[in-house]
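Working notes, structure below.
Along the sequence shown, the residues carry numbers beginning at 1. All of these numbers come straight from a predicted model, not from anything done at the bench.
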Amino acid sequence: MPITALLVLRSEVGSATEPVILASAMEIKQFGYYQRIGAKEAILSVSRKLAKATLPSQQNSTQHEEYKVHYCIRDGLFDVIFVDEHYPVKTAFGILNKVLDEYQKAFGDSWKTVQIDANQSWPFLTEVLSKFQDAAEADMIMATQWALDETKIALKSDETKGQLQYLAEDDNEELTTSTSISETIKRRKLTENDVGEGTGAAEEDDAQDRNTMGSEEMEKQIDLIVEKIERFTEQVSEVLEAGKAMYKELSNDFEERVIAIHQQQVEAWQEEIKELRLLDGVNEEDVQRLQNAIYLLHSFNKAQPPRATASLQLPNYSSAIANSNA
């Protein structure tokens, strides 16, 4: 993912206290199931270290493993973004400044008294993490938002109000003057010309009135078309958001199912390993018992005395022969 994490912290420069996590949004699905806890802890640890080392009103960038880490601090309010190497630096800092502005609008100064990690539920941060994965879209959205903000500021200023009021009064004066002139011309024409000429002037005025009415109707039609375009754009945006939400839910459900299948298979294999080890242990015990039995048999055979063998007594034929010859 181009943007992996976006966090807001409270940091007291020069203080021995650790920075406090105020809000966070992370996209760590690219990590393995058993690696996500470690990845989250690493992001939190790096964020705290940077918040503690950053000077007031400073913004900077650093490299952490494969991530570019951009961060800035404003009056003790610190935010940091973890992006890949291809994400534009200008866009990243634009997001950071926007997050700080919106956080102060949403929470005011309540964050200054937070002493422990709050991890406030802030939908805006999650929305930014989701929408601004595409840097081009992020630039377009922020540029539009900045233009709207500048327009609102300009409209609220007294100088702009005075200019608008002056222009409105000037237009009213011109309209009044032109109306009086046209009425004078009409009266002169009706007085100086005969009935035929007066009738012709009246017909011209009627034609002019019809043209004016036609122009007004045309403007109304154009306004209706513009309203249709705006409504259609809003509907398309709603459909896109609904589709993204549905896709995200389907993606999460699919991931949970795959993880469940993985866990189930791993547990089955682990049980099989236990059974094999148990069987191997039983076999080792049997082999040991057999070896002990063989050893006992050998020991018993060695301890027994040798058996006496019976000798066959043959008659002494040689002595008998010698006696007979004598």
* **Joint hydrophobic cluster, Leu7 plus Ile37, side-chain heavy atoms closer than 4.5 Å** => no

* To do: Mind running side-chain contact (heavy atoms from CB on, under 4.5 Å) on Glu66 and Glu85 for me, showing each step along the way?
  => CA-CA 8 Å; Glu66 70 271 24; Glu85 295 183 352; 5.6 Å; no

* To do: Decide if atom NZ of Lys52 counts as having more than 12 heavy atoms of other residues, nucleotides or ligands within a radius under 6.0 Å.
  => yes

* Could you check whether the rings of Phe107 and Trp122 sit parallel, tilted or perpendicular, using 30° and 60° as the cut-offs? => perpendicular

* **Side-chain donor or acceptor of Ser130 paired with backbone N/O of Thr126 under 3.5 Å** => no

* To do: Grab the two heavy atoms, one from His64 and one from Val69, that are nearest each other, plus how far apart they are.
  => CB-CG2, 3.9 Å

* Heavy-atom check, side chain of Glu102 versus side chain of Val8, under 4.5 Å -> no

* Kindly indicate, with the supporting measurements, whether the criterion side-chain contact (heavy atoms from CB on, under 4.5 Å) is fulfilled by Leu125 and Tyr103. => CA-CA 9 Å; Leu125 200 63; Tyr103 188 89; over 6 Å; no

* Asked: Nearest heavy-atom pair of Asp117 and Pro19: which atoms, and what distance?
  -> OD1-O, 4.4 Å

* Asked: Taking side chain as C-beta onward, heavy atoms only, is Cys72 less than 4.5 Å from Asn97?
  -> yes

* **Between CG on residue Asp79 and CG on residue Leu9, distance to nearest 0.5 Å** => 8.5 Å

* Would you give the length of the straight line joining atom CG of Asn292 to atom CG of Leu297, rounded to the nearest 0.5 angstrom? => 11.0 Å

* To do: Determine, stepwise, if the pair Ile3 / Val128 fulfils side-chain contact (heavy atoms from CB on, under 4.5 Å).
  => CA-CA 10 Å; Ile3 303 178; Val128 168; 6.0 Å; no

* For the residue pair Gln58 and Asn60, establish whether any side-chain heavy-atom pair is separated by less than 4.5 Å. => yes

* To do: Please determine if Arg10 and Glu12 form a salt bridge, counting it only when a charged side-chain N lies under 4.0 Å from a carboxylate O.
  => yes

* Find out whether Phe93 and Ser61 are in side-chain contact, i.e. whether some heavy atom of one side chain is under 4.5 Å from a heavy atom of the other. => yes

* Minimum heavy-atom distance between Ser11 and Ala51, given as atom pair plus value -> OG-O, 2.8 Å

* **Minimum heavy-atom distance between Asp101 and Arg74, given as atom pair plus value** => OD1-NH1, 2.7 Å

* To do: Starting at NZ of Lys90, measure out to NE2 of His70 and round the result to the nearest 0.5 Å.
  => 14.0 Å

* Check Asp75 against Trp111 and note the closest heavy-atom contact, atom names and distance. => O-CH2, 3.1 Å

* Identify the two heavy atoms, one from Ala92 and one from Tyr87, that lie closest to each other, and give their separation to 0.1 Å. => N-CE2, 4.1 Å

* If you round to the nearest 0.5 Å, how far is CD of Gln104 from CG of Leu77? -> 5.5 Å

* To do: Indicate yes or no: at least one non-hydrogen side-chain atom of Glu27 is less than 4.5 angstrom from one of Lys29.
  => yes

* To do: Output yes when a side-chain donor or acceptor of Thr4 lies under 3.5 Å from a complementary backbone atom of Val83, and no otherwise.
  => no

* Side-chain donor or acceptor of Ser45 paired with backbone N/O of Glu41 under 3.5 Å -> no

* Does any non-hydrogen side-chain atom of Ile81 lie less than 4.5 Å from one of Tyr71? -> no

* Asked: To the nearest 0.5 Å, what is the distance between CD1 (Ile273) and CG (Leu278)?
  -> 13.5 Å

* Can any side-chain N or O of Gln133 pair as donor or acceptor with the backbone N or O of Leu129 at less than 3.5 Å? -> yes

* Donor-acceptor under 3.5 Å (Glu127 side chain, Phe124 main chain) -> no

* Shared ILVMFWY cluster between Val89 and Leu100, side chains joined below 4.5 angstrom? -> yes

* Show your working on side-chain contact (heavy atoms from CB on, under 4.5 Å) between Met26 and Ile43 and close with a plain yes or no. => CA-CA 9 Å; Met26 299 184 188; Ile43 291 172; 3.9 Å; yes

* Report the distance from atom OH of Tyr295 to atom CG of Leu290, rounding to the nearest 0.5 Å. => 15.5 Å

* To do: Could you tell me how the ring of Tyr67 sits relative to the ring of Phe82: parallel (under 30°), tilted (30 to 60°) or perpendicular (over 60°)?
  => perpendicular

